[in-house]
K.L.:
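Submitted below is the structure of interest, expressed as structure tokens.
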Number of protein chains: 2
Amino acid sequence: MTPSEWSMLMDMPPFEKMGREAVRALIRDRPSQSIARGAQIFHQGDPAETFFVIFDGRVKYYRQREDGEEVVVGIARECESFAEMAMFIGGRYPVSAQAVTDGRLIRVDGCALRHAIEQRPELAFDLMAAAAAQLHYLFDQIEQLKRRPTLQRIADFLLELNREQTGGGEIALPYGKALIANHLGMTPESFSRGLSKLRGLGVTVERDRVRIEDTERLENYVND
Amino acid sequence: MTPSEWSMLMDMPPFEKMGREAVRALIRDRPSQSIARGAQIFHQGDPAETFFVIFDGRVKYYRQREDGEEVVVGIARECESFAEMAMFIGGRYPVSAQAVTDGRLIRVDGCALRHAIEQRPELAFDLMAAAAAQLHYLFDQIEQLKRRPTLQRIADFLLELNREQTGGGEIALPYGKALIANHLGMTPESFSRGLSKLRGLGVTVERDRVRIEDTERLENYVND
DNA sequence: CGATCGTTTGATTACGTTCAATCGTTGTGG
DNA sequence: CCACAACGATTGAACGTAATCAAACGATCG
């Protein structure tokens, strides 16, 4: 685990409140590990004994349907943790997780975390805040899926990416378009066509680079 | 608060682990209250100082859009708590809540709950389990919205209701069809037409009574 | 009885999916 | 180095599903 990974970890709730020694005890013998694109991190239904902190890369979590189709329900990025809550219900992961880029992450043992909480109950609040944020995010997603057409979902997604990145209208799509489409709840074809239509509102796409001419315009199209 | 309400409360996590005295302290001066159909319980964006336990009736929670349209993201029923997590993120409710039937519920003060957790950290695990269950439920919903046509969503809903109720194929729809339609992410018209189509699979509808001739058949239609 | 609300039914439209073909890039082996 | 697969993305045509708009129906209530 590199010094930068340490500092990343120590800036995150709930670790920042624990102090260096406690965190060291928490993750003791588990070093951070490199993960290759496509690597399976866990499967839906696996016993959930750990959760994860991503130092680098992206991880999709998704449900696997009987017919083999995947439905993406979220994508986590560096500096985020995920599956924190799985350990508290039936001890099984409710989704599968797979790396969509090369990256690095660390596993945190769930039992150790429980012990830490029992000793310092305040830590529970951080976890609950994370859960609440996740719930909030899913509410958003449901609202979008229910009442927003594909074009607006795409525009929303681009604007959100823009906010996360430079904010200057120059966007790099962080993963393949098929995955984005799945994430947004549409087919790759619809996503592609949607991007084309957005040309009419000052959006140009080339490869995985997207350029928004006028952020304002797109925003108020989205909030029409 | 009636004795039956007390026993309902004392059978629920996290209260059952707290003991009668602690629970009494937790809800001290707040009696349970009757709620009329249509009563607003809280609005999206309101400061979240309490959460709720429903003794009787149903409560929808939903997002309010700028254009005034409502998008239902969940419906809670008797013997369930809701909004437990809202207090841990920004202190604002992320959704609005409204009673869809007459009913009774009780407010539980968030600060008092926090103190209870600080004294008995195990309680946090119950809350986290509730959050995890909620997350699980929302994952399900997203999967359904993304990949299931209206007919299957309707059939799923009926089968789920059947499981909750008698299990014998006789179902009473617990609230208006327009609300069910919204909950399932479709228009009332589509819901109505869907019910009609299900006649072909042995489902008869009359008023708010639904009868499933052959549960098996419907189930394996859903899981085709 | 007439008014209102919720539900149903009908006709039409629009949207997004599906199926299929093409294009462009990347990577591989001859 | 080039030819050729393999993959991801795009484009096109046709279809199907659900939304929309509009009207009728039925129950409940004053």
Side-chain angles (χ1 to χ4, degrees), chain A residues 36-38 60 65 67-72 100-102 143-158 171-200 203-210 221 224, chain B residues 36-38 58 60 65 67-72 100-102 144-158 171-200 203-210 221 224:
Chain A
R37 175 166 187 269
K60 71 174 174 184
R65 311 188 66 223
D67 57 22
E69 201 183 2
E70 296 178 359
V71 181
V72 174
V100 296
T101 65
D102 294 343
E143 181 187 335
Q144 294 226 0
L145 287 170
K146 279 185 174 176
R147 315 298 320 180
R148 295 228 149 164
T150 57
L151 246 195
Q152 304 204 6
R153 296 212 297 280
I154 295 172
D156 269 334
F157 177 76
L158 293 179
I171 305 168
L173 300 180
Y175 29 76
K177 291 177 182 174
L179 176 58
I180 297 175
N182 189 334
H183 184 208
L184 297 179
M186 63 189 72
T187 60
E189 294 95 323
S190 290
F191 180 63
S192 179
R193 287 186 233 275
L195 283 180
S196 297
K197 278 190 194 162
L198 287 180
R199 261 195 287 262
V203 177
T204 57
V205 183
E206 191 171 335
R207 204 117 192 75
D208 66 337
R209 320 293 304 185
V210 177
Y221 165 76
D224 72 270
Chain B
R37 175 167 187 269
R58 307 264 180 167
K60 70 173 175 186
R65 311 188 65 224
D67 57 22
E69 200 181 6
E70 296 178 358
V71 181
V72 173
V100 296
T101 66
D102 294 344
Q144 294 226 0
L145 287 170
K146 278 185 174 176
R147 316 298 319 182
R148 296 227 147 163
T150 57
L151 245 196
Q152 304 205 8
R153 295 211 298 279
I154 294 171
D156 269 334
F157 177 77
L158 293 180
I171 304 168
L173 300 181
Y175 28 75
K177 292 177 182 174
L179 176 58
I180 297 175
N182 189 335
H183 184 207
L184 296 178
M186 63 189 73
T187 61
E189 293 96 321
S190 290
F191 180 62
S192 179
R193 286 187 234 274
L195 283 180
S196 297
K197 280 190 193 163
L198 287 179
R199 262 196 288 264
V203 177
T204 56
V205 183
E206 190 171 337
R207 205 119 190 74
D208 65 337
R209 321 294 302 183
V210 177
Y221 164 75
D224 71 269

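In this text the structure is predicted, and so the values were computed from the model without any measurement.
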K.L.:
Taking CZ in B:R65 as the centre, count heavy atoms belonging to other residues, nucleotides or ligands within less than 6.0 Å. Is the count above 12?
P.N.:
yes

K.L.:
In a table with atom names and distances, give each donor-acceptor pair under 3.5 Å that connects a side chain of residues 171-182 of chain A to protein atoms at least two apart or in another chain.
P.N.:
{"residue": "A:K177", "atom": "NZ", "partner": "A:R207", "partner atom": "O", "Å": "3.0"}
{"residue": "A:N182", "atom": "OD1", "partner": "A:V72", "partner atom": "N", "Å": "3.1"}
{"residue": "A:N182", "atom": "ND2", "partner": "A:E70", "partner atom": "O", "Å": "3.0"}

K.L.:
Determine, for nucleotides 15-20 of chain C in 5'-to-3' order, which nucleotides have protein heavy atoms under 4.0 Å from the base (write B), from only the sugar-phosphate (write S), or from neither (write -).
P.N.:
-SBBBB

K.L.:
How about A:I154 and A:L198: do any of their side-chain heavy atoms sit closer than 4.5 Å?
P.N.:
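Answer yes - side chains close enough.
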
K.L.:
Under the 3.5 angstrom rule, does the side chain of B:D102 hit a backbone N or O of B:A36 as a donor-acceptor pair?
P.N.:
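Not confirmed, B:D102 side chain does not pair with B:A36 backbone.
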
K.L.:
Tell me, do B:L158 and B:V203 make a side-chain contact under 4.5 Å, heavy atoms counted?
P.N.:
yes

K.L.:
Which residues, if any, of residues 172-179 of chain A bring a heavy atom under 4.0 Å of DNA chain D?
P.N.:
A:G176, A:K177, A:A178

K.L.:
When you list every nucleotide of DNA chain D with an atom under 4.0 Å from a heavy atom of chain B, which one comes first 5' to 3', and which comes last?
P.N.:
D:dA18 to D:dT28

K.L.:
Are there any protein N/O atoms within less than 3.5 Å of an N/O atom in nucleotides 21-27 of chain C, and if so, which ones and at what distance?
P.N.:
{"residue": "C:dT25", "atom": "O3'", "partner": "A:R207", "partner atom": "NH2", "Å": "3.1"}

K.L.:
B:L151 versus B:K197: any side-chain heavy-atom pair under 4.5 Å?
P.N.:
yes

K.L.:
In Å, rounded to the nearest 0.5 Å, how long is the span from CZ of B:R58 to OG1 of B:T101?
P.N.:
7.5 Å

K.L.:
What pairs of residues pass the salt bridge (charged side-chain N to carboxylate O under 4.0 Å, His left out) test when at least one of them lies in residues 145-156 of chain B, not counting sequence neighbours?
P.N.:
A:E69-B:R147, B:R148-B:D156

